[in-house]
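Here is the naming used below: chain letters follow the sequence lines, and residue numbers restart at 1 for every chain. These values consider heavy atoms only, across backbone and side chains, with no hydrogens, waters or symmetry-generated copies.
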Amino acid sequence: MNTPRHSRPKGTLDFVPPVADELRHLEYVAARLSTRFGFREIVTPVFEHTDVFTKSSGDASDIVTKEMYSFKDRGERDLTLRPEGTPGVVRAVLENRLRIPVRLYYFGPYFRFGRPQKGRFREFRQYGVEAIGEASPYVDAEIVLLGDEFFRTLGISDCTTELNSIGCRACRPGYRKELVAFLYAHKDELCEDCRERMDRNPLRVFDCKNEGCREVVADAPKTAGHLCDDCADHYDGVKRALDRMKVSYGINDRLVRGLDYYNRTVFEYISSRLGAQDSLGGGGRYDYLVEDLGGPPTPSSGFALGIDRTMMAMPEKPPLPEGTQPPRESLAYVVWMGEEELKHAVELAAKLRAEGVATRVDFDAARPKRQFRSADAAGAACCVIVGPDELAKGVYSLKDLATGEQEEVPVNMIVPRVRALFR
RNA sequence: GUGAGUGUAGCUCAAAGGCAGAGCACCUGACUGUGGCUCAGGAUGUUGGGGGUUCAAGUCCCCUCACUCACCCCA
């Protein structure tokens, strides 16, 4: 193969036409739905001071310990390409003293260092929402609903929602102690990784895919049975609200989120089309994070959805029936014959564009044949032909490239006639 | 960070130690004011890179790089 002079950095993606259009469409859907739920867009930097992430995501989490793109800038500042969205948003809310409660949505690129595989990249895109300063279980339910509607709007049908509650600072320590005791009793049956996880983050043993570990974990004490009264009430509230909103979900009492800051409600959207990385996104409640980042106690809830994964999970467009042409772009080509007509073509292009009609002229091809070919290659809907004959008669010839039909159009009628061919 | 698989034309893939090929795409012409369709012709490669074995390597061996999938982790 011709080795390209330059190649993408490992784990990055190019979005070339028309895939970039799909990406923008997806962001448009996200923005529209978020707005409908009262969220407003926030844009924060792609990099932050490193401690914004180390103080929020948890020192023990893998994201912080081995997946961050961290660097020192020329001023010796410790900076990190954001591995996730929530900490930067919370930082911005505090720094700009936004009035709380506030609902925010965002999308953009995120960065984590790991070996790429299907659905996992070093640069990836997320769509997220954060409801900062809202404590009600209804809020959690609304956020789950929003994500659910997002996937449904995009035609993703094989997406299931899993729900769990992991308790709070009051009830989790007791549960954790009980879980660790259980795991120690079954230490011999656990894999090496899980034996390490037992001490560092015992809840994550639930995530292990190892057969033996799964069997052990099946009998392990579950969070849901060890919630304090407040957490149990909250969990019931979320479930009742989801039922009333007609959101279908499954309880997964093994569901644990990777980030340390979650408490109470956690949820995840799973698709069967994605391979091993089957999570389209997830989220939950994070009632302590704002405080951890130096703000006042502020109960909050949100989600982060993987845009790249969502695009992978979207249904394939059905192939075109045999013999049919793909739809044409809403684009007009002005075809010219000689130098004299070229001047008119340039003016006509300006006029069409002023009327909002996307227009191109092939300046490089002197022969009309090539101009027509350019127009066809670009998928243009029509050609507007400027030749000596047309100029003499005060008309343009308009050729519909889909049907091949051509007719003369008075110059003052060209804009509506071109537009009529767009569909 | 760990493991496995795959690297041949722009794309999809043949060539199982003996002349590097096909389809699609591309270019030119038939058609000097008309795309697609048809016909005729044309170009395309350091077989990812480097080393080794051999009379001979796309093919076997070693190293390296890239991609893919999985572990890990998560979006």
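Between A:Tyr269 and A:Phe267, the two ring planes are perpendicular [angle over 60°; tilted spans 30° to 60°]. Relative orientation of the A:Phe303 and A:Tyr127 rings is perpendicular, given thresholds of 30° and 60° on the angle between their planes. Aromatic ring orientation, A:Tyr110 versus A:Phe124: tilted (interplanar angle from 30° to 60°).
Rounded to whole Å, atom P of B:G33 lies 12 Å from atom CH2 of A:Trp336. In this structure, OH of A:Tyr269 is placed 13 Å from P of B:A75, rounded to the nearest angstrom. One can place CD of A:Glu67 at 10 Å from P of B:A75, the figure rounded to the nearest angstrom. The nearest whole Å value for the distance from the CG atom in A:Asp389 to the C1' atom in B:G33 is 8 Å. Between the P atom of B:A70 and the CG atom of A:Leu274 lies a distance of 10 Å, rounded to the nearest Å. The CZ atom of A:Arg309 sits 14 Å away from the P atom of B:C73 (whole-angstrom rounding). To the nearest angstrom, P of B:A75 lies 21 Å from CE of A:Met314. Going from atom OH of A:Tyr105 over to atom C1' of B:A75 covers 20 Å, rounded to whole Å.
A heavy atom closer than 4.0 Å to some atom of RNA chain B occurs in A:Glu390, A:Lys399, A:Leu401, A:Ala402, A:Gly404, A:Gln406, these being the qualifying members of residues 390-410 of chain A. Within residues 147-159 of chain A, no residue approaches RNA chain B, by heavy-atom distance under 4.0 Å. Non-hydrogen atoms lying under 4.0 Å from RNA chain B are contributed by nothing in residues 14-37 of chain A.
For A:His186, the NE2 atom sits in a packed shell: over 12 heavy atoms of surrounding residues, nucleotides or ligands are nearer than 6.0 Å. In A:Arg353, the CZ atom is crowded: over 12 heavy atoms of neighbouring residues, nucleotides or ligands sit closer than 6.0 Å. When the shell of 6.0 Å around CZ of A:Arg360 is examined, it contains 12 or fewer heavy atoms from other residues, nucleotides or ligands.
Between A:Lys239 and A:Asp140, no side-chain nitrogen of the basic residue sits less than 4.0 Å from a carboxylate oxygen of the acidic one, so the salt-bridge criterion is not met. Look at A:Arg8 and A:Asp14 and you find a salt bridge, because one of the NZ, NE, NH1 or NH2 atoms lies within 4.0 Å of a carboxylate O, short of that distance.
Here the separation of B:G52 from B:A57, taken at their C1' atoms, is 11 Å to the nearest Å. Taking atom P on both B:A43 and B:U28, the two are 15 Å apart, rounded to the nearest angstrom. On the P atoms, B:C62 is 26 Å away from B:C13, given to the nearest whole Å. When the C1' atom is compared between B:G7 and B:U12, the two are found 14 Å apart, to the nearest whole Å. Between the C1' atoms of B:G58 and B:C31, the separation comes to 43 Å (whole Å). Remark: the separation of the C1' atoms in B:G45 and B:C26 is 15 Å, to the nearest Å. Using P as the reference atom, B:U46 and B:G35 are 34 Å apart when rounded to the nearest Å. If you take atom P in B:C65 and the same atom in B:G49, they sit 15 Å apart, rounded to whole Å.
Annotation: side chain to side chain contact (heavy atoms under 4.5 Å, CB included) contacts of A:Arg172 (sequence neighbours excluded): A:Ile166, A:Leu203, A:Asn263. In this view, A:Asp78 and A:Lys72 satisfy the salt bridge (Lys or Arg N to Asp or Glu O under 4.0 Å) rule, not counting sequence neighbours. Judged as a salt bridge (Lys or Arg N to Asp or Glu O under 4.0 Å), and not counting sequence neighbours, A:Asp219 has no contacts. Every residue was checked against the side chain to side chain donor-acceptor pair (under 3.5 Å) condition with A:Asp292, not counting sequence neighbours, and none meets it. Qualifying side chain to side chain donor-acceptor pair (under 3.5 Å) partners for A:Arg257, counting only residues two or more places apart in sequence or in other chains: A:Glu268.
If you check every strand for non-hydrogen atoms under 4.0 Å, A:Ile307 touches nothing. Using a 4.0 Å heavy-atom cutoff across all strands shown, A:Asp308 reaches no nucleic acid atom at all. Within the 4.0 angstrom heavy-atom criterion, base atoms lie near A:Arg328. Counting non-hydrogen atoms under 4.0 angstrom, A:Ala276 reaches the backbone sugars and phosphates but no base. Using a 4.0 Å heavy-atom criterion, one finds that A:Gly281 contacts the sugar-phosphate atoms exclusively.
Under a cutoff of 6.0 Å and an axis angle of 45°, A:Arg122 and A:Phe113 form a cation-pi pair.
Screening A:Glu130, A:Glu41, A:Glu134 against A:Arg103 for a salt bridge (charged side-chain N to carboxylate O under 4.0 Å, His left out) leaves a single residue, A:Glu134.
Remark on RNA chain B: of its neighbouring residues A:Gln126 and A:Phe372, the 5'-side contact belongs to A:Phe372, judged by nearest-heavy-atom nucleotide.
Taken from CG in A:Asp287 to NE2 in A:His234, the straight-line distance is 7.0 Å, to the nearest 0.5 Å. Interatomic distance, CZ of A:Arg264 versus CG of A:Asn164, reported as 14.0 Å (0.5 Å rounding). Here the CZ-CG distance, from A:Phe150 to A:Leu280, works out to 9.0 Å after rounding to the nearest 0.5 Å.
Applying the side-chain hydrogen bond (donor to acceptor under 3.5 Å, both in side chains) test to residues at least two apart or on different chains, the pairs with a partner in residues 19-31 of chain A are A:Arg24-A:Glu27.
Ring-base stacking between A:Phe124 and B:A75 is satisfied, the centre separation being under 5.5 Å and the plane angle under 30°.
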Tabulate protein N/O versus nucleotide N/O from nucleotides 63-68 of chain B, keeping only pairs under 3.5 Å, one per line.
residue : atom : partner : partner atom : Å
B:C67   : OP2  : A:Lys10 : NZ           : 3.0

If you restrict it to nitrogen or oxygen atoms, what contacts under 3.5 Å exist between nucleotides 26-29 of chain B and the protein, and what is each distance?
residue : atom : partner  : partner atom : Å
B:U28   : OP1  : A:Arg370 : NH1          : 2.8
B:U28   : OP1  : A:Arg370 : NH2          : 3.0
B:U28   : OP2  : A:Arg370 : NH1          : 3.2
B:U28   : OP2  : A:Arg373 : NH1          : 3.2
B:G29   : OP1  : A:Arg367 : NH1          : 3.2
B:G29   : OP2  : A:Arg370 : NH2          : 3.1

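Between A:Arg257 and B:A75 there is a side-chain N or O to OP1 or OP2 distance below 4.0 Å.
A heavy-atom distance below 4.5 Å is not found between the side chains of A:His226 and A:Cys171.
Stretches of at least 3 consecutive Watson-Crick or G-U wobble pairs, with each checked distance under 3.5 Å, appear in RNA chain B as B:1-7 with B:65-71, B:10-13 with B:21-24, B:26-30 with B:38-42, B:48-52 with B:60-64.
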Step-by-step salt bridge (charged side-chain N to carboxylate O under 4.0 Å, His left out) determination, A:Arg152 to A:Asp148: CA-CA 6 Å; A:Arg152 274 215 323 258; A:Asp148 190 71; 3.0 Å; yes
